[in-house]
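Note that this is a predicted model, so its numbers are computed, not measured. Chain identifiers are assigned alphabetically (A, B, ...) following the order of the sequence lines, protein sequences preceding nucleic acid strands; residue numbering begins at 1 within each chain.
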Amino acid sequence: MSDVRVRFAPSPTGYLHIGSARTALFNYLYARHTGGKFLLRIEDTDLARSTEESTNSILEGLKWLGFAPDEEIVFQSNNADKHRAAAMKLLEDGKAYRDFTPKAEPSDANVKDAIKERARAQGGDKNMRDNEYRDLSKDESDARAASGEPFAIRLKVPDAGKTSFEDQVYGPQERDYAETEDLVLLRSDGHPLYNLAVVCDDIEMQITHVIRGQDHLTNTHKQILIYEALGVTPPTFAHLPLIMAPNKGKLSKRKHGEVVSMTTYRDAGFIAAAFRNFLALLGWSAGEEREIYSLDELVEEFSLDGIHRSNAVFNFTEGDPRKWTDDKAIWMNAEYIRTMPLGELIPFVKPELNAAKLWRDEYEDDDKEWFENTINLIRQRFFTLKDFSSQGRAYFSEDFDFDAAAVEKNLKKFPDLKTWLPELATRFEVEFGDALQKPAREQGRNTQHSNKTFTEENIETVVKAFTEEKGTKLGVIMNGARTLLTGVAVGPSMLSVFETIGLERTLMRLRSQMAWNQSNET
RNA sequence: GUCCGGUUCGUCUAGGGGUUAGGACACCGCCCUUUCACGGCGGCAACACGGGUUCAAAUCCCGUACCGGAUACCA
């Protein structure tokens, strides 16, 4: 057990963003790797924008990812009194001053742009120390405050010198005091501001390492100023490169919608372990040619040294259902689905089938073996958990749709199949009929049967003979049957499909004219 | 504008003085096969640019360009 204490400190102004999720991951990994503590602090000091809904959404996202904090969650707004006290102390010590400048009216334009415009207009000549109240005498300041005049409290940044720190990712960082304005600590309505709150809380929570987005780099200099004024040694800082949109611009909810929200991935059938794995590789590398890491392996391998300095692009194509999110994330998820131990996968499949009303309790009981074999068979070509209830629907229900393209390509193109397939059903019935009363899997145990069992090898023999009789190609029969049996054009070997679907359902589906009657529309 | 940071295949990245610049995803081709989004094999594809330093630069230094971040009584 080390004394490392890190925190993930999201502000509840939206759902858990993919970038925040990665920050949480890196903090979590660092804590586990060092044997330290991973803490969670909700930075809800912006009363106007913070919502409980956001807090819940963030908590949900973290829960899904599996990052439970080691201590009670800290809500920053609960500490406002302490923040105010710290500001007052700095005022007492002469490290801060009252600014009686009337609060500027918020611009009606986009705040961010307005700030940027103003900054541009001021250029590089702006004097950060030109506040007329900076050197107001204590007596006058006290008097004006006593008279009820509103004031903000600003940090009195020293005239000469510079802040510096050793960033664990970006290396040595320096910033001249002249570049930093006398930042506001306390608003004129008494509300503590971000930088003050963060410093106070990090001190109180005894945070040793601050691991956060690179967009906080300049805040860090401001915060160091506060640490210095407070006479406290700052923690170690490690800034993370940012995750950008495909055009290398900012990844935002407004512009990019749900692709950036963690809950989207949960709801889209992603496995948390796979998404974590994907996230870990965005901006970090163990320096080896490996892609798949379990959580334990990530914890083992993780180090601040492996974090990059350049931003990463989260790649996706809006409007393309096949590439709605990053290719690698989809691949990673598929990889997990097809390779993880079946026993670990099934607990994820069950709720999915349940939600689609496809679950039957027998799958854990009498039909357990069949169910496991089926899942194992169909997972090979699946990308998400959703596929089990959509593409895999025909394995669990009679009520499934026929893909129009599959019907067109595999059935209607060969009109003979309209009679051939029902004929094949009859052939199956003749060859395997005695087995009808029992599931295919149990037939092997019954040596009394004179008929052949409905298993791959036997099915192959029958279908091949049937194909020859009809003078057609095996593929025509197989693909036609595939469409009728599963509703789709892709899937595992048809012989496995026949066996898995079972004789009874196979006969019924081969004889059904439903697909044939379906119109060409979609 | 100013300050800060970054730049290796389309994307994620390895490599940090001498490599045929490696891997993964995506894409393309071939194979397997009854289809396929599984699998196998292969291919396409990158050191932003210009100067230095050096016997030797993707790697070190400087500059340029481009990209990003910050710049608030937001977080």
Side-chain angles (χ1 to χ4, degrees), chain A residues 9-13 43-46 48-50 76 99 101 103-104 106-107 111-112 114-116 118-126 150-154 170 173-176 178-181 183-189 191 193-195 197-198 213-219 221 239 241-242 244 246 248-250 278 281-292 308-316 322-323 326-332 334 338 379-383 387 391 406 409-410 463 467 473-483 488-495:
Chain A
S11 60
T13 54
E43 309 220 315
D44 54 352
T45 56
D46 185 341
R49 292 194 303 155
S50 299
Q76 190 158 64
D99 179 2
T101 310
K103 188 183 176 197
S107 156
V111 193
K112 207 100 183 168
I115 302 285
K116 192 172 177 151
R118 191 210 304 170
R120 197 198 306 284
Q122 287 169 165
D125 303 329
K126 167 146 171 76
F151 59 86
I153 293 183
R154 284 182 185 272
Y170 289 93
Q173 301 292 313
E174 272 189 8
R175 190 176 168 92
D176 201 286
E179 299 292 340
T180 304
E181 70 168 345
L183 57 139
V184 174
L185 267 16
L186 219 56
R187 252 163 39 175
S188 48
D189 63 3
H191 226 87
L193 253 19
Y194 175 72
N195 283 302
V198 167
Q214 185 244 71
D215 51 336
H216 283 284
L217 227 29
T218 46
N219 279 331
H221 285 96
H239 289 89
L242 272 19
M244 316 304 286
K248 299 193 194 297
K250 202 168 184 182
F278 167 74
L281 264 18
L282 227 42
W284 172 82
S285 160
E288 57 185 359
E289 290 179 355
R290 177 150 67 126
E291 316 287 332
I292 305 296
H308 308 152
R309 282 149 291 267
S310 53
N311 295 339
V313 169
F314 181 65
N315 209 10
F316 59 91
R322 191 87 172 258
K323 293 182 185 292
D326 198 291
D327 278 329
K328 205 149 187 172
I330 295 175
W331 169 78
M332 188 77 75
R338 71 176 85 98
R379 68 167 165 166
Q380 288 311 321
R381 286 167 177 78
F382 285 176
F383 291 115
D387 291 331
Q391 286 198 60
K409 176 182 158 209
N410 295 333
V463 176
T467 303
K473 286 191 294 188
L474 189 60
V476 173
I477 299 295
M478 288 298 202
N479 291 324
R482 178 188 298 285
T483 305
V488 293
V490 301
S493 154
M494 245 340 261
L495 296 172

Taking NZ from A:Lys250 and P from B:G6, how many angstroms apart are they, rounded to a whole number? 20 Å
For the side chain of A:Leu193, starting at C-beta, report the closest nucleotide among B:A75, B:A37, B:C4. B:A75
Of the listed B:C25, B:U11, B:U34, the closest approach to the A:Asp327 side chain comes from B:C25
Considering only the P atoms, how many Å lie between B:C67 and B:A48, rounded to the nearest integer? 16 Å
Is it the case that B:C74 (base atoms only) and A:Arg49 (side chain only) share a donor and an acceptor within less than 3.5 Å, ignoring hydrogens and angles? yes
Base paired to B:A70 (Watson-Crick or G-U; both N/O distances under 3.5 angstrom): B:U2
Under 4.0 Å between a side-chain N/O of A:Ser285 and OP1 or OP2 of B:U13, yes or no? no
Side-chain atoms of A:Trp331 come closest, of B:G5, B:C38, B:C25, to B:C25
Ignoring hydrogens and angles, are the base of B:C4 and the side chain of A:Thr218 linked by a donor-acceptor pair under 3.5 Å? no
Report the distance from atom NZ of A:Lys248 to atom C1' of B:C67, rounded to the nearest whole Å. 8 Å
What nucleotide among B:C3, B:A26, B:A24 has an atom nearest to a side-chain atom of A:Arg175? B:C3
Taking the C1' atom in each of B:G18 and B:G23, what is the distance between them to the nearest angstrom? 22 Å
Watson-Crick or G-U wobble partner for B:U54, using a 3.5 Å limit on both distances? none
What integer number of Å spans the P atoms of B:C4 and B:C12? 26 Å
Looking only at B:A37, B:A70, B:G6, the nucleotide nearest the A:Gln391 side chain is B:A37
Need one value for A:Lys116: base, sugar-phosphate or nothing, where a base atom within 4.0 Å counts as base even if backbone is also close, heavy atoms only. base
Between A:Arg175 and A:Thr218, is any side-chain donor less than 3.5 angstrom from a side-chain acceptor? no
Salt-bridge present (A:Asp189, A:Arg187; N to O < 4.0 Å): yes
Among B:G68, B:C12, B:G39, the nucleotide that comes nearest once only the side chain of A:Leu282 is considered: B:C12
Record whether the side chain of A:Ser493 comes under 3.5 Å of the base of B:U35 through a donor-acceptor pair of N or O atoms. no
Against the side chain of A:Lys323, the closest entry in B:C12, B:U7, B:C27 is B:C27
Atom P, compared across B:U20 and B:C36: separation rounded to whole Å: 40 Å
Can you tell me the Watson-Crick or wobble partner of B:G29, both distances under 3.5 angstrom? B:C41
Please determine whether any donor N or O and acceptor N or O are separated by less than 3.5 Å between the side chain of A:Asn315 and the base of B:A26. no
Any idea which of B:A14, B:G68, B:U34 is nearest the A:His308 side chain? B:A14
Check this for me: does the side-chain of A:Lys328 come within 3.5 Å of the base of B:C12 through a donor and an acceptor? yes
A:Gln173 side-chain proximity, nearest of B:G5, B:U34, B:G68: B:G5
Does B:A14 have OP1 or OP2 under 4.0 Å away from a side-chain N or O of A:Arg290? no
Applying the Watson-Crick and G-U wobble criteria at under 3.5 Å, what pairs with B:G16? Answer none if nothing qualifies. none
Among the candidates B:U11, B:G39, B:A37, find the nucleotide nearest to the side-chain atoms of A:Phe383. B:A37
Can you tell me the Watson-Crick or wobble partner of B:U11, both distances under 3.5 angstrom? B:A24
Name the pairing partner of B:U64, where a pair is Watson-Crick or G-U wobble with both distances under 3.5 Å, or state none. B:A48
